Amino acid sequence: MGNNLIYQVEDKPKFAKLLLFALQQVLAVLAATIAVPTIIGLPMQIPAAILGAGVGTIVYLLFTKFKSPVIISSSFAFLGSLSNAVAFGYLGIVLGSVFAGLVYVVIALIIKFVGTGWIHKLMPPAIIGPTVALIGLSLAGSAMSDIVKATGSGMSYNLIAILCGLVTFFVIIICSVQNRFKNARLIPFIIGIIAGYALASIFSIIGYAAKVPYLQLVNWEPLINNFQNLSFTSFLDYPRVGLVEGIKELVAGMPSRAIMEAFVSNNGLTIENMAALTDAELLEAIKAANNGVGPQILNWAGVATCALAFIPVALVTFAEHVADHTNLGTIIDRPLLEEPGLKRTLIGDGVGSIAGTMFGICPNTTYGESVGCVAITRNASIRTILVAALMLIVLSFISPLNALLRTIPNCVMGGVCLTLYGFIAVSGLRMFKEVDLSDNKNLFTVASILISGIGGLAIIIPIGGGNVIQITAIATALILGIITNRVCLLVEKHNKKEEPQPEAQEEKVEE
């Protein structure tokens, strides 16, 4: 192999090491996985999101013949779509995911019969490279907003938080670049998180004891609440599976309390004494505050809305899928788009996404954090990914672990993401070596993607009832880049047609 991996895809790490490597992958993807249900107003679905990531990853591994070492989990690209689907309950979310997954399956079938040549023409390195870089760069703001945040006190800017985040960051770096302790190079994220969490805990204990909010970095409430009223569920509890919750709503004939509260949050509504209202009263209060519009059981109008909300985004995340697998293939020195093949990775991602939402709460995608973990630790063992998926499934049922993981402060995860997101950006920039930027066609294509993406150009399409379809800045930049590239190619082709032919030039010289 021409790569510098410590463990190749087929390698079998020893059992004890395998567990540590898998735990590291879990920790790398966990922050984003639990963020999605929180952002769409369904934090009680965090265990289900974790379960969906584990199930979706196993489905993905099966379809890709255990050759693509990456975890798939909750996709941020569908946040706008999910916020729209919440208006139609859990079944709206599940149906939207089915639409998104089927887009991948349909494209995979087209590839099976037509091949992948059209994809390489549509998305050359001049498009894939800056798109991968943009994925990392667009997440920079998220990492930096986390690294300055004191979770315990709720402060949005805190110098002690920055210190803990940077300690996490530098411990990860030191573990990754030193040569004396080989095992430390394989688990830098675990060591970094432990170091950052320990330091944040010391400050927090002092802060809570002395009643100094500025030092309160860790919020232990999730762990305290878990054991406040001891019962069986304090130790083991089942995740609220999306499909099951949707069926419950269908039987009840009205949206669940959780969906109504999420609708209130997503639409910025103010409902007084919401906790004291019955479910029926809350639904009426929402309609009164929102011009008669409120969450409802899925109907034909909802089917159309979900289709319009998810399908366009899925068409764009397809290109992100190609970019992620191109990047991962470069890291492990294997052309994943050829073996196991793009059609298999697409079907695995699509079906895994559908399964992940039915068990969890949102469509899945290959995770840049997982790819970054493979690259930095130089461990591409597929067994690590499989064990990590099984860990995610088990973790979703263990209440104390779920609670403990929720206490990891934002600043510590910000330090982790500083390395992971940075690596994603640099991986995209590395692809520029295949791009001739002296060619104006490539120069304008790359510029259009980077500037529109970093500038945050998003497409927001109103679809009635106060709902919108939002195509994210990354997706918009990708579309603009593809259009720019095609326009340049058309002009280039037209220029060649207008160039005088050699025979015509010879005749002119003779005259």
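Since we're looking at a predicted model, the values are computed, not measured.
Asn402 places a side-chain N or O within donor-acceptor distance of the main-chain N or O of Leu395, the cut-off being under 3.5 Å. Between the side chain of Gln45 and the main chain of Arg240, a donor-acceptor pair closer than 3.5 Å is present. Using a distance-only test at 3.5 Å, with no hydrogens or angles considered, a donor-acceptor pair links the side chain of Ser204 to the main chain of Leu217. In this structure a side-chain-to-backbone donor-acceptor pair under 3.5 Å is present from Asp11 to Gln8. The main-chain N or O of Thr326 is found under 3.5 Å from a side-chain atom of Thr330 such that the two form a donor-acceptor pair. Looking at Asn225, its side chain does come within 3.5 Å of a backbone N or O of Glu221 through a donor-acceptor pair. Of the possible donor and acceptor atoms, one in the side chain of Gln178 sits under 3.5 Å from a partner among the backbone N and O of Cys175. Between the side chain of Gln24 and the main chain of Phe189, a donor-acceptor pair closer than 3.5 Å is present. Between the side chain of Ser370 and the main chain of Tyr367, no donor-acceptor pair closer than 3.5 Å is present. With Ser353 contributing its side chain and Asn364 its backbone, the two residues share a donor-acceptor pair below 3.5 Å.
Interatomic distance, Phe99 CZ to Ile354 CD1, rounded to the nearest 0.5 Å: 10.5 Å. Note that CD1 of Ile46 is 10.0 Å distant from OG of Ser74, once rounded to the nearest 0.5 Å. Remark: Ile393 CD1 to Leu51 CG distance equals 6.5 Å, nearest 0.5 Å. The CG atom of Leu20 lies 9.0 Å from the CD1 atom of Ile191; values are rounded to the nearest 0.5 Å. Annotation: the span from Thr445 atom OG1 to Ile482 atom CD1 amounts to 10.0 Å, rounded to 0.5 Å. Expressed to the nearest 0.5 Å, how far CD1 of Ile382 lies from OG1 of Thr64 amounts to 6.0 Å.
Other residues, nucleotides and ligands contribute only 12 or fewer heavy atoms inside 6.0 Å of the NZ atom of Lys112. A 6.0 Å sphere centred on CZ of Phe66 holds more than 12 heavy atoms belonging to other residues, nucleotides or ligands. Counting non-hydrogen atoms of other residues, nucleotides and ligands closer than 6.0 Å to CZ of Phe359 gives a total of 12 or fewer.
Nearest heavy-atom pair across Pro363 and Leu82 is CD-CD2, 4.0 Å. The minimum heavy-atom distance linking Pro188 with Ile172 is given by the pair O-CG1, 3.5 Å. Contact record, Leu404 with Leu223: N-CD1, 3.8 Å, taken as the closest heavy-atom pair. Here the closest non-hydrogen pair linking Pro69 and Val374 is O-CG2, 3.6 Å. Listed here is the closest heavy atom pair of Val446 and Ala126: CG2-O, 3.5 Å. Contact record, Ile347 with Ala108: CG1-CB, 3.4 Å, taken as the closest heavy-atom pair.
Side-chain contact between Ile147 and Met413 is absent, with no heavy-atom pair separated by less than 4.5 Å. Counting heavy atoms from C-beta outward, Leu480 and Ile449 have side chains that stay 4.5 Å or more apart. Residues Ile190 and Leu27 form a side-chain contact, since some pair of their non-hydrogen atoms from C-beta on lies under 4.5 Å apart. The shortest distance between side-chain heavy atoms of Ile187 and Phe21 falls below 4.5 Å. No side-chain heavy atom of Ile162 sits less than 4.5 Å from a side-chain heavy atom of Asn158. Residues Ser73 and Thr365 have side chains not in contact (no heavy-atom distance under 4.5 Å, counting atoms from C-beta outward). Ile93 places a side-chain heavy atom less than 4.5 Å from the side chain of Leu42. At least one side-chain heavy atom of Val105 sits under 4.5 Å from a side-chain heavy atom of Val351.
In this structure, Trp118 and Phe318 have parallel ring planes: the angle between them is below the 30° cut-off, well short of the 60° mark.
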Assess whether side-chain contact (heavy atoms from CB on, under 4.5 Å) is satisfied between Ile58 and Leu390, documenting all intermediate values. CA-CA 8 Å; Ile58 291 175; Leu390 294 173; 3.8 Å; yes
Residues Asn379, Ile6; criterion side-chain contact (heavy atoms from CB on, under 4.5 Å); working and verdict: CA-CA 6 Å; Asn379 172 23; Ile6 296 174; 5.9 Å; no
side-chain contact (heavy atoms from CB on, under 4.5 Å) assessment of Leu346 paired with His321: CA-CA 8 Å; Leu346 278 170; His321 173 99; 3.7 Å; yes
side-chain contact (heavy atoms from CB on, under 4.5 Å), that's the test. Do Thr57 and Ile385 meet it? Break it down for me. CA-CA 8 Å; Thr57 298; Ile385 303 299; 3.9 Å; yes
Passes side chain to side chain donor-acceptor pair (under 3.5 Å), Asn219 versus Thr151? Steps please. CA-CA 6 Å; Asn219 178 13; Thr151 311; over 6 Å; no
Verdict with reasoning, Ser438 to Asp436, per side chain to side chain donor-acceptor pair (under 3.5 Å): CA-CA 5 Å; Ser438 64; Asp436 180 10; 2.4 Å; yes
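Under 3.5 Å, the side chains of Thr345 and Tyr60 contain no donor-acceptor pair of N or O atoms.
Taking the ring centroids of Phe78 and Phe310, they lie under the 6.0 Å cut-off.
Remark: Arg430 fails to qualify as a cation-pi partner of Phe432 under the 6.0 Å distance and 45° angle criteria applied to the six-membered ring.
The residue from Arg334, Arg383, Lys67, Lys65 that alone fulfils the salt bridge (Lys or Arg N to Asp or Glu O under 4.0 Å) condition with Glu10 is Arg334.
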